[in-house]
Amino acid sequence: MYKKIFLGVFFWCLAFPLVAQISLSDSSVQTVAYWKKGETYSFSVSLDEFKVVEKDTSERTTTRYTVDIFVLDSTENTYDVRWSYRDMSTDWGERDSLFLSIMDRISALKGGEIVEFRTDEYGSFIEMTNWEQIRDYYQIVSDSVSSEFSAFPEVAQLMKSMFGIYNNRNAIEKGVIKDVHQFLNFHGGAYRLNEPIKGKMQYPSVISDRLLDAEMLIELDKIYPEDNDYGIYSFVEVDREQLTNETREVLVKLLPQSQKEDIQKLMEQVGEVWDTTENFSIIHGSGWPTYSKETRQTGSNQNVKFEIRTIEMI
């Protein structure tokens, strides 16, 4: 049995290029992509989304799918990567029949299964290279579903709220490929045990196209030299004052006839708002994450929304 385990680990290690970005002499690591053109790996992904109002959980949705990652090209300064989705299934929980019919129709429409993006030589995200295709696909979905369910005027508004914002590169890169950003979260950095990195960064808002100030912490958790990988953790919290100001601006736009006093009363009901993101990943010495779990909370005194995404190499 021990021989089988040893051989399994041995051949698993051979699947990766043997590179050294883990330094045991000073307990440090570098998260750098050592990828080759033509390399491909598959990952299972699960996304659990729900709201908590006081102690009650609602609107729970669980989505599972597989991603095939293929390195299209590798140059001295960039990697081009294809991210292909398949075998997607969603449990919508307790929703009304109209909503479920709409979601079934959206799922039946072909397109949007391929995302292509470019990174720098370290594996840090640069840009999405086929964002126009995703934009056009969302427009087709919105038009098709709105037409098919034209007897229900609220469907057109639902399609606008779901897909209308995805009409430019920035919105699509921020909102559509959250799993890609999670996967590449630590690339391009150097980290050392017992030396957490703290600082400020710009983080995308959940309710606008703006970048907001945020506090950031990254900490190398543990090095596993026998597996040529390491665990690493990050925590990001968006500036609460800026987030509160954005919330107020949204209320003013939604309620243009309201007086300042009305908006202030609504803000008092909303209470303090926050937006935090935690990420824990296991990254192999080749620069391929083999496991990643990200938890994002956006909330206020009224409710908290959770997004928990897990990515694991198959």
Side-chain angles (χ1 to χ4, degrees), residues 42-68 83-115 130-131 133-168 171-183 204 206-208 250 254 270 275 277 293-300 302-312 314:
S42 296
F43 295 80
S44 63
V45 184
S46 66
L47 173 62
D48 195 15
E49 300 176 277
F50 56 92
K51 286 185 177 180
V52 176
V53 181
E54 294 183 348
K55 295 183 179 180
D56 296 326
T57 300
S58 64
E59 300 182 25
R60 181 180 288 275
T61 301
T62 302
T63 302
R64 302 184 188 280
Y65 55 93
T66 300
V67 169
D68 300 315
W83 187 279
S84 304
Y85 297 89
R86 60 180 171 89
D87 304 331
M88 185 170 291
S89 64
T90 301
D91 181 354
W92 294 102
E94 297 181 0
R95 305 294 177 90
D96 63 64
S97 59
L98 176 60
F99 179 86
L100 294 176
S101 296
I102 293 169
M103 293 304 110
D104 287 343
R105 180 59 184 139
I106 292 174
S107 299
L109 293 171
K110 297 299 182 182
E113 298 94 352
I114 303 295
V115 164
N130 73 330
W131 69 270
Q133 296 175 24
I134 302 301
R135 177 201 59 196
D136 295 346
Y137 164 70
Y138 282 158
Q139 187 61 56
I140 290 171
V141 170
S142 181
D143 293 344
S144 176
V145 174
S146 296
S147 176
E148 185 169 337
F149 291 86
S150 59
F152 303 93
E154 65 271 25
V155 172
Q157 185 58 42
L158 175 62
M159 292 301 97
K160 183 178 180 180
S161 65
M162 289 180 64
F163 302 115
I165 62 172
Y166 298 127
N167 57 9
N168 60 76
I172 291 173
E173 289 183 343
K174 185 183 75 170
V176 175
I177 54 171
K178 294 180 181 179
D179 45 7
V180 172
H181 292 299
Q182 174 181 339
F183 192 78
V206 294
I207 56 178
S208 76
V250 169
L254 291 175
V270 170
D275 180 354
T277 303
K293 182 176 182 180
E294 183 172 279
T295 300
R296 185 168 190 175
Q297 295 185 42
T298 53
S300 69
Q302 293 182 325
N303 64 73
V304 184
K305 181 181 179 182
F306 287 82
E307 294 180 25
I308 305 172
R309 184 184 298 101
T310 302
I311 304 173
E312 191 164 7
I314 300 173

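Side-chain N or O atoms of S147 include none that pairs as donor or acceptor with a backbone N or O of D143 at under 3.5 Å. Side-chain atoms of E113 come within 3.5 Å of backbone N or O of G111 as a donor-acceptor pair. Without hydrogens or angle criteria, S107 side chain to M103 main chain gives a donor-acceptor distance under 3.5 Å.
Partner T277 forms a side chain to side chain contact (heavy atoms under 4.5 Å, CB included) with one of K178, E307, Q297, R296 and no other, that one being R296. Partner Y138 forms a side chain to side chain contact (heavy atoms under 4.5 Å, CB included) with one of I140, I134, D136 and no other, that one being I134. Tested against Y85 for a side chain to side chain donor-acceptor pair (under 3.5 Å), the candidates D68, T66, D179 yield a single pass: D179. Paired with Q182 under the rule side chain to side chain contact (heavy atoms under 4.5 Å, CB included), one option of I177, T310, V45, I311 passes, and it is I311.
With rounding to the nearest 0.5 angstrom, the CD1 atom of I308 is 9.0 Å from the CG atom of L47. Rounded to the nearest 0.5 Å, atoms CD (E49) and CZ (R60) are 11.0 Å apart. Taken to the nearest 0.5 Å, the OH atom of Y137 stands 9.5 Å off from the NZ atom of K110. Atom CH2 of W83 is separated from atom CD1 of I114 by 12.5 Å, given to the nearest 0.5 angstrom.
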Run the side chain to side chain contact (heavy atoms under 4.5 Å, CB included) check on Y65 and D87 step by step: do they pass?
-> CA-CA 5 Å; Y65 55 93; D87 304 331; 5.9 Å; no

For the pair S146 and K160, evaluate side chain to side chain contact (heavy atoms under 4.5 Å, CB included) and give the outcome as yes or no after the intermediate values.
-> CA-CA 9 Å; S146 296; K160 183 178 180 180; over 6 Å; no

Give the intermediate values and the outcome of side chain to side chain contact (heavy atoms under 4.5 Å, CB included) for residues S42 and R86.
-> CA-CA 10 Å; S42 296; R86 60 180 171 89; 4.0 Å; yes

Could you go through the side-chain hydrogen bond (donor to acceptor under 3.5 Å, both in side chains) check for T298 and D275 one step at a time?
-> CA-CA 4 Å; T298 53; D275 180 354; 5.8 Å; no

Test side chain to side chain contact (heavy atoms under 4.5 Å, CB included) applied to F149 and R105, step by step | CA-CA 10 Å; F149 291 86; R105 180 59 184 139; 4.2 Å; yes

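Heavy atoms of other residues, nucleotides or ligands lying less than 6.0 angstrom from CZ of R64 number 12 at most. Around CD of E154, the count of heavy atoms belonging to other residues, nucleotides or ligands within 6.0 Å exceeds 12.
The aromatic rings of F306 and F50 lie parallel to each other, their planes meeting at an angle below 30°, with 60° marking the opposite boundary.
Listed by chain and residue number, K51, R95 satisfy the side-chain contact (heavy atoms from CB on, under 4.5 Å) test with E59 (two or more places apart in sequence, or in another chain).
Two residues are said to be in side-chain contact when any heavy atoms from C-beta on lie closer than 4.5 Å; V145 and L109 meet this criterion. By the 4.5 Å heavy-atom criterion applied to side chains, M162 and V141 are not counted as neighbours. Using a 4.5 Å heavy-atom threshold, the side chains of M159 and I102 count as touching.
Residues F163 and S142 approach most closely at CD1-CB, 4.3 Å, considering heavy atoms.
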